[in-house]
Q: 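Have a look at this one.
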Amino acid sequence: MQDEYQLDYFKENGFVRKTCPKCKTNFWTRDADTEFCGDPPCVSYSFIGAPVFKKEYDISSMREAYLSFFEKHGHTRVDRYPVIARWRDDIYLTIASIADFQPFVTSGLVPPPANPLTISQPCIRLDDLDAVGRSGRHLTTFEMMAHHCFNSRGNEIYWKDRTVELCDTLLADLGCDLKAVTYKENPWAGGGNAGPSVEVMVGGLELATLVFMDLKQVKGGSIEIKGETYEKMDNYIVDTGYGLERFVWASKGSPTIYDAVFPKIVSELMDLAGIEHSIDNPEYARMFSQNARFAGVMDISGQANLLQLRKKVADTIGTTVEKLQKLMVPVESVYAITDHSRCLAFMLGDGIIPSNVKAGYLARLVLRRTLRLMKELDIREPLIEIIEMQIKNFPEYPEFRERLDTIREIVALEEEKYADTIERGTKLVKKTALHFKDKKEKMPLGELIQLYDTHGIPPEITREVAKEAGVEVELPDTFYSLVAKKHSKAQEEETEGLTLDLPLTRKLYYEDSEQTEFSAKVLEVIENKIILDRTLFYPEGGGQPADHGTLSMEDYVANVADVQNMNGVIVHETDSDIGFKKGDAVKGKIDWERRLAHMRHHTATHIVNESAKAVLGKHIWQTGAQKSTDRARLDLTHFKRITDEEFREIELLANRAVMKNQPVYIDWMDRIEAEKKYGFVLYQGGVPPGKEIRILRVGSDVEACGGTHVSNTGLIGPIKLIKTERIQDGVERIEFSAGEAAVKRMQERDELLNKASDALRVSPEHLPDTVNRFFDEWKEFKKENERLKAELAEVRVKAMMGDAVEINGLKVLSKKIQHADVEELIKAATEFSKNDDVVAILASESGGVKIVVAAGARAQKLGVNAGAIVREMSKLVGGGGGGKPGIAQGGGTDAARIEEALERGVEMVSEKMK
RNA sequence: GGGCCUGUAGAUCAGGGGUAGAUCGUUGCGUUCGCAACGCAAAGGCCGCGGGUUCGAAUCCCGCCGGGUCCA
């Protein structure tokens, strides 16, 4: 690895290689007197108050200076990608510029959009959320300016020397003193790749990282970095990252990155929060400068570390931690809000819908955190106003302004939801707190975790509310990591794909989607799995199930039950292992009805998606879909429930699209070209691998799709939407049927309707009214019934009182009442036992044996226990029972022994009286 | 993708195998010139839906539907 950094460029330009005495890493510098590597904590920030470039830049002028510099040096400028990584299924957010080109460009499968290229890619990282605002340098959202160069053996554009040279020249162009620059050696590894890398340090600030990615992770590889083993790759990539915000900061030398990057919004927010932010006041600026310097050299995650930082800063500027805290906390919150609102502008602007899962959850996390900070500062301005400020501040992203109406609605809804959660939470906390107050205990940690984990109530709020109720809580520093621990990580299972050393199967289903029969040669037979040289059988994929059908040879036929695509080799699984062998010529026949139903549902899915977008808005994005022969479902990102009206409208539009009988266009296109032409909407149904992708166009819907489709929309037949379902917050599912399945569904519904109206002897039109009337009447009868039972009970009591037997001063009544249900028995028994000295033992036979015993107050005092009596009696009739001493009920199945049970009941009372 | 919580009167919620409750609100009566306040009374429940267990389910179990929330 050492040799990797022996660049000619360094040698020719008078660099010397030194080893940092503190961290022991090697670095290159033009100034032989430089002692340390230039990276905190070995050195601290020196650029604050001493800008490193010859003039000040803001975000847009810095970005432009960078991009045009690289354009001038032979690079093509490429548009930014969205912050939500739509083209990836392994990460939610775009975390680096290279993420734009993973995995297919970096793997060499797909050529880059340009080579070499330069880009300024907005990135979002939420790892250090707590440090944002406090450290003076952390941001959730930043633009990674980069130049990338994709080399392969025999086709090298440029590699290490040229990369360092470009960096050096750029810094020189910006007026940076090159003697102050150090290139620190620091091998990089991540996401299965690795390579040598240098960090570019100026004034104690890491301005850029130049990564030379030429290794891939291989088990037992010969090169070891950070505990993993790697091998050289055939393609090797220049992956650079220049922090736009850091360049701006370095150009201004302001106390914090926030004051450098968004001075206007910071000052507006300070006004709203009523904070005097006099960054020109040297004393004030010194406080934040010192803070940033110290924070630059230490880890400030966790309360303990933060306190340590506060202490250091307080000591240097000669104040107390308390005073410092009071001054800094609100300002830090404003910084954080500024950053977070920018993050939200990007997230929502790029179409993330807040939700409780996936990327949507991250958006909600940031949004709620921002609201919390605003509340602490008592900023009454609606959040959307601040986000709008940000959006207006980015003239370079006009796409955000187009979405403003939707963003407004989303933010308003989210604010409402959060307020609800807090309100609900506060009540719950109060209740919980009172519970512990009664017990005179502290509220335990487990309770705090529970409140946060299941109800989303931040522990700080719990503490506050509990305090008001006079209950202390136990809140350790490590709270959030304790929560994280509770969610034990479910290890992701690696699905081991069967790798077959066979030629790729020719996909006849792509060549002619109307064909039902074909001939092919058997290439391999593994148990009941058959691999052919060509096939019409569509393998399961893209939410479309596998084709079924038969494979046959002269005298035998095998049913194909499943078909899978193993990296281009299509495997037919048959339900028996009758004897095909290598080299056999077979005939295949697919179950056309099944296939046609799939094709209809698949094309219909695209149409419903398009219709939903037209009705609900541009933010609609497919997050999943599944087809079958009789129905299909489509999951869409949407921030509220689909109304009945919208539902009908979507159905109508979908059927209109069918009736227009539009052609369905299928083209194989170069991936990069397709992305350029249509954008990432292509990947709604998933991200297909490969250089060439199959593009399907129906009406205005364009998607990368590997499924089989009908050739014209008219062939779909009717589309019947069945229902919507909210599978997650922010994700709506539409279920529908198409073609014959739709007709069947409609018929089924008609039948239900007919059956229902037949049952009530009315026509379907009158069904709703009639049902309502019946329901109302049913409720009335129920009430009346209850009233009558109560009356009946009274009458029965009067009539039967005379039959009571005296036992030691108690009146014991034991009686079988024909056909009375439990309720009647209870009512009668209760009525009896209103008399203190009465014990009523009642039984009936209605759907088995029912027994009710009630004892008056005096009887109970004398030891009569209704529960005990019922238990014993019920045992006799083959059941069980129980209740309270005053009233109990039970029963069994053996009606023949009712009399016996009643006798036993009386006997038990007299036993008590002895 | 993986968890956790939750659904009871118009609203907020208790209860948690054995006769469905409280508070507020509503209506009526009383008090008042009238209102507020107060006193008394009443109406208002498929205990989310469907299965299962049980003599008996609002309560336990399973599934579905709805709402909430955390993590990756």
Side-chain angles (χ1 to χ4, degrees), chain A residues 89-93 126-127 355-359 361-362 364-365 368 417-418 420-428 430-431 435 446 448-459 479-493 623-624 641 723-731 733 774-776 778-783 786 789-790 793 821-831 833-834 843-854 866-867 870-871 873-895 897-898 901:
Chain A
D89 46 20
D90 52 343
I91 50 174
Y92 298 128
L93 300 171
L126 302 178
D127 318 5
S355 152
N356 52 6
V357 287
K358 301 186 180 177
Y361 173 67
L362 301 177
R364 180 168 285 169
L365 184 81
R368 292 195 169 179
K417 274 192 177 176
Y418 186 56
D420 284 350
T421 297
I422 292 301
E423 200 196 306
R424 243 196 327 271
T426 310
K427 270 189 209 157
L428 191 62
K430 268 187 196 149
K431 209 164 63 187
H435 175 76
L448 253 70
I449 293 182
Q450 165 80 6
L451 284 167
Y452 175 66
D453 207 27
T454 48
H455 299 106
I457 307 155
F479 180 81
Y480 290 96
S481 50
L482 283 171
V483 174
K485 216 187 215 168
K486 210 180 139 230
H487 301 266
S488 62
K489 275 169 206 163
Q491 198 64 32
E492 214 162 282
E493 261 179 66
T623 59
R641 296 305 309 260
K723 64 170 182 177
T724 63
E725 198 181 323
R726 192 158 84 143
I727 56 163
Q728 290 292 356
D729 194 11
V731 182
R733 171 170 292 173
F774 270 67
F775 188 61
D776 288 343
W778 171 78
K779 280 201 277 194
E780 265 168 52
F781 285 141
K782 206 175 78 158
K783 268 177 256 168
E786 204 151 313
K789 277 179 186 170
D821 62 17
V822 189
E823 213 176 325
E824 288 172 61
L825 294 182
I826 288 173
K827 277 191 168 33
T830 315
E831 195 62 37
S833 66
K834 278 178 187 162
S844 79
E845 193 187 338
S846 72
V849 182
K850 309 290 173 199
I851 300 167
V852 173
V853 175
V870 164
R871 250 192 302 282
M873 288 172 70
S874 301
K875 240 184 266 168
L876 288 173
V877 292
K884 292 172 283 188
I887 177 132
Q889 51 275 93
T893 44
D894 190 357
R897 302 179 69 180
I898 291 184

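Atom set for the values below is all heavy atoms of this structure, side chains included, hydrogens, waters and symmetry mates excluded. Quick note on labels: first sequence line is chain A, next is B, and so on, each numbered from 1.
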Q: Just to verify, what does Thr421(A) make a side-chain contact (heavy atoms from CB on, under 4.5 Å) with, not counting sequence neighbours?
A: Arg368(A), Arg424(A)

Q: Listed by chain and number, what are the side-chain contact (heavy atoms from CB on, under 4.5 Å) partners of Glu831(A), not counting sequence neighbours?
A: Glu794(A), Val797(A), Lys834(A)

Q: Donor-acceptor pair under 3.5 Å: do we get one between Asn356(A)'s side chain and the base of U69(B)?
A: yes

Q: Check residues 821-829 of chain A and write down every donor-acceptor pair under 3.5 Å in which the side-chain atom is one partner and the other belongs to a residue at least two apart or another chain.
A:
| from | atom 1 | to | atom 2 | distance (Å) |
| --- | --- | --- | --- | --- |
| Asp821(A) | OD1 | Glu823(A) | N | 3.2 |
| Asp821(A) | OD1 | Glu824(A) | N | 2.9 |
| Asp821(A) | OD2 | Lys789(A) | NZ | 3.0 |
| Glu824(A) | OE1 | Arg796(A) | NH1 | 3.1 |

Q: Report the residues that fulfil salt bridge (charged side-chain N to carboxylate O under 4.0 Å, His left out) with Lys723(A), sequence neighbours left out, ordered by chain and then residue number.
A: Glu725(A)

Q: Would you list the pairs meeting salt bridge (charged side-chain N to carboxylate O under 4.0 Å, His left out) in which at least one residue belongs to residues 845-854 of chain A, sequence neighbours left out?
A: Lys816(A)-Glu845(A)

Q: Arg897(A): which residues meet the side-chain hydrogen bond (donor to acceptor under 3.5 Å, both in side chains) condition with it, sequence neighbours left out?
A: Glu900(A)

Q: Going by the rule side-chain contact (heavy atoms from CB on, under 4.5 Å), which residues pair with Asn356(A) if we only count those two or more places apart in sequence or in a different chain?
A: Arg364(A), Gln728(A), Asp729(A)

Q: Taking only residues two or more places apart in sequence or in another chain, which ones pass side-chain contact (heavy atoms from CB on, under 4.5 Å) with Pro459(A)?
A: Leu448(A), Tyr452(A), Leu475(A), Phe479(A), Tyr480(A)

Q: Grab the N/O contacts between the protein and nucleotides 13-15 of chain B below 3.5 Å, and write none if there aren't any.
A:
| from | atom 1 | to | atom 2 | distance (Å) |
| --- | --- | --- | --- | --- |
| C13(B) | O3' | Lys431(A) | NZ | 3.1 |
| A14(B) | OP1 | Lys431(A) | NZ | 2.3 |

Q: Report, as a single string ordered 5' to 3', how protein heavy atoms within less than 4.0 Å touch nucleotides 51-62 of chain B: B base, S sugar-phosphate only, - not at all.
A: ----B-------

Q: Under 3.5 Å between N/O atoms: give me all the protein pairs with nucleotides 44-50 of chain B, atom names plus distance.
A:
| from | atom 1 | to | atom 2 | distance (Å) |
| --- | --- | --- | --- | --- |
| G44(B) | OP1 | Lys783(A) | NZ | 2.5 |

Q: Test of understanding: with ring-ring contact (aromatic ring centres under 6.0 Å, His included), list the residues that count as partners of Phe781(A), not counting sequence neighbours.
A: none

